[in-house]
Amino acid sequence: MATKAPATRAVPSPLEWEYAPAPEARDIVRLQDRYGLFVGGTEVAPRSKKWFATISPSTEEHLAEIALAGPRDVDLAVQAARGAFEDGWSALRPAERAKYLFRIARLIQERSRELAVAESLDGGKPIKESRDVDLPLAAAHFFYYAGWADKLEYAFPNRKPRPLGVAGQIIPWNFPLLMLAWKIAPALACGNTVVLKPAETTPLTALIFTDICRQADLPAGVVNIVTGDGSTGAHLVKHPGIDKLAFTGSTEVGKAIQRELAGTSVKLTLELGGKAANIVFDDAALDQAVEGIVNGIYFNQGHVCCAGSRLLVQESVYEPLVAKLKRRLRTIRVGDPLDKNTDLGAINSKMQLDRINELVAAGKEEGAEIYQPPCRLPEKGYWFAPTVFTNVAQSSRIAQEEIFGPVLSVLTFRTPAEAVEKANNTPYGLSAGVWTEKGSRILWMAERLRAGVVWANTFNRFDPTSPFGGYKESGFGREGGRHGLEPYLRFDR
């Protein structure tokens, strides 16, 4: 007689899945207690005798003391760059210059883990973004421009390209190492020398990069790094010894630089702020669009000049899209930037956090509806939860001003023409996104959007071969691609 199998007890499946902590090892980065300036191939103490602290925004921990360059320090750096330019770098065979860029690219790859940890520690961005986006792209820019170094005459046929001389470069705090690569790589490929000023709050990877320059045996003075605050940048802008200035940062500072250099022979490129429209049509794949929206505004805590901070949704899909977006926000993990599970890291500084809080308060006062998912923020450091505003008026401050934080404003439209009109109704013109299954509509929109970069069914995709830049108050000039070479060249006809 067959026996009856014993009944098995049903085990309920868990309602929530928790991620175990997965911190990246911090000891791969060996920070000095104090960093001087990198001038003429060596580290030197500032003549100003001034120093400032760089801190980790996720913990408010003191990381290192950094030299604050004064006018004499900037002058010495420009002199070192001029000496290197005239003593052989500009006359070096282009193929030899390319070898240095290739070495730098390979060294960035070899030290990518160290650089990624330093970037997240100093800037607050999640390690998976530093590791998987910033570092590969930084190396790729050096590889790419190394390939152009001996092909400049092919890039500009029937013209004779010549280097300009000394390039002054000022970079922001949101992508410190990547912005360094965007600027230094084309400048060196064209035969120029560089004086670069990193942002006050994120100088560490630029200072580690000086060691990469030494490892690559880059001739002394070809790259010089001067750290400091806005006053250091002003000294560099005003220095009579520079031939080119490249600036990435706020529109206000960009306007001041343009006024300062007006009437001079200094070539200028500006990559400034943005208030990008991410436009979703009713035929778009909504789940795909939601992922693109999240990447467009919450990547790097919204500290992205081309962030899709305005979401324009066709009225017929407004409600389901917003519901999907709010559900997706509940899965975003906020916390330790060095944890590999973290999606949203720390706000870069207290000053930036105060700016975000001010504009969010203005959005509430103007009648917009705020949504923030349940989110436990760390007690120490600078943090802000992912935020969505609905019922936003086109004239609202949160729809017009750059917040530079993880805050999305949602507006609606009925027709493609209305979408174009609302998207262009801003003083900025850096980027835009279009979500639709119709290729003809993508081309129609791209032709009419006043934005330097238009993404179709994706967002925040960068490649060293593709030029990047803006219109209107988002600046002028292009970085990346063949177009990124021209600002660092003069042409003998």
Side-chain angles (χ1 to χ4, degrees), residues 40-41 80-112 135-169 171 177-196 209-225 242-246 267 269 462-469 477-493:
R82 177 65 60 189
F85 178 77
E86 294 176 352
D87 291 345
W89 180 254
S90 61
L92 193 65
R93 285 181 57 243
E96 293 300 313
R97 285 203 303 268
K99 290 178 183 178
Y100 287 106
L101 271 72
F102 274 120
R103 286 182 202 165
I104 290 170
R106 290 299 300 272
L107 287 164
I108 288 174
Q109 288 183 321
E110 289 172 14
R111 299 178 64 169
S112 61
L135 264 298
L137 274 175
H141 274 80
F142 277 99
F143 276 126
Y144 176 73
Y145 282 111
W148 270 121
D150 61 349
K151 304 175 185 67
L152 298 178
E153 293 187 1
Y154 298 96
F156 305 99
N158 301 317
R159 305 167 78 185
K160 292 184 178 179
R162 298 287 184 269
L164 292 170
V166 177
Q169 303 177 328
I171 59 174
L177 188 66
L178 182 55
M179 292 294 102
L180 176 150
W182 276 29
K183 288 181 167 50
I184 290 182
L188 299 194
C190 292
N192 302 282
T193 54
V194 165
V195 178
L196 179 133
F209 180 78
T210 65
D211 191 48
I212 288 175
C213 291
R214 284 190 286 256
Q215 278 186 280
D217 292 323
L218 191 68
V222 172
V223 169
N224 304 273
I225 307 289
I242 62 170
D243 303 291
K244 163 82 176 91
L245 189 92
K267 288 190 74 171
T269 50
F462 300 97
D463 190 280
T465 66
S466 179
F468 182 86
R478 293 295 181 267
E479 294 181 307
R482 180 177 59 83
H483 304 70
L485 296 165
E486 192 165 2
Y488 291 97
L489 294 166
R490 59 182 174 86
F491 296 94
D492 297 336
R493 294 187 180 277

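Only heavy atoms go into these numbers, but all of them, side chains included; no hydrogens, no water, no symmetry mates. Heads up: numbering here begins at 1 and tracks the sequence.
Atom-to-atom distance recorded for L107:CG and L218:CG is 11.0 Å, nearest 0.5 angstrom. Summarising the geometry, atom CZ belonging to R159 is positioned 12.0 Å from atom CG belonging to L152; distances are rounded to the nearest 0.5 Å. A distance of 8.5 Å separates CD1 of I225 from CD of Q169, quoted to the nearest 0.5 Å. In this structure, CG on L177 lies 10.5 Å from CG on L137, to the nearest 0.5 angstrom. In this structure, CZ on R162 lies 10.5 Å from CZ on F491, to the nearest 0.5 angstrom.
Taking F85 as the reference, nothing meets the ring pair (Phe, Tyr, Trp, His ring centres under 6.0 Å) condition, with sequence neighbours excluded. For the side-chain hydrogen bond (donor to acceptor under 3.5 Å, both in side chains) test, no residue two or more places apart in sequence or in another chain qualifies with R103. Partners of D211 according to the side-chain hydrogen bond (donor to acceptor under 3.5 Å, both in side chains) rule, which considers only residues two or more places apart in sequence or in another chain, are R111. By the ring pair (Phe, Tyr, Trp, His ring centres under 6.0 Å) test, Y488 pairs with no residue at all, sequence neighbours left out. For P219, the side chain to side chain contact (heavy atoms under 4.5 Å, CB included) partners at least two apart in sequence or on another chain are W89, Y100, V222. The ring pair (Phe, Tyr, Trp, His ring centres under 6.0 Å) check on F462 picks up W455, F468, with sequence neighbours excluded. Residues satisfying the side-chain hydrogen bond (donor to acceptor under 3.5 Å, both in side chains) test with K244, not counting sequence neighbours, are T269. E96 meets the side-chain hydrogen bond (donor to acceptor under 3.5 Å, both in side chains) test with R93, K99; sequence neighbours excluded. Residues that satisfy the side chain to side chain contact (heavy atoms under 4.5 Å, CB included) test with Q109, not counting sequence neighbours, are R106, A139, F143.
The main-chain N or O of E479 is never found under 3.5 Å from a side-chain atom of K183 such that the two would form a donor-acceptor pair. The closest donor-acceptor contact from the side chain of N224 to the backbone of G40 lies under 3.5 Å. Side-chain atoms of R97 come within 3.5 Å of backbone N or O of L92 as a donor-acceptor pair.
Residue pairs meeting the side-chain hydrogen bond (donor to acceptor under 3.5 Å, both in side chains) criterion with at least one partner in residues 136-150, sequence neighbours excluded, are H141-W182, Y144-W148.
Under the side-chain contact (heavy atoms from CB on, under 4.5 Å) test applied with V166, the options L245, T193, N192 reduce to a single match, T193.
Two residues are said to be in side-chain contact when any heavy atoms from C-beta on lie closer than 4.5 Å; V223 and L196 fail this criterion.
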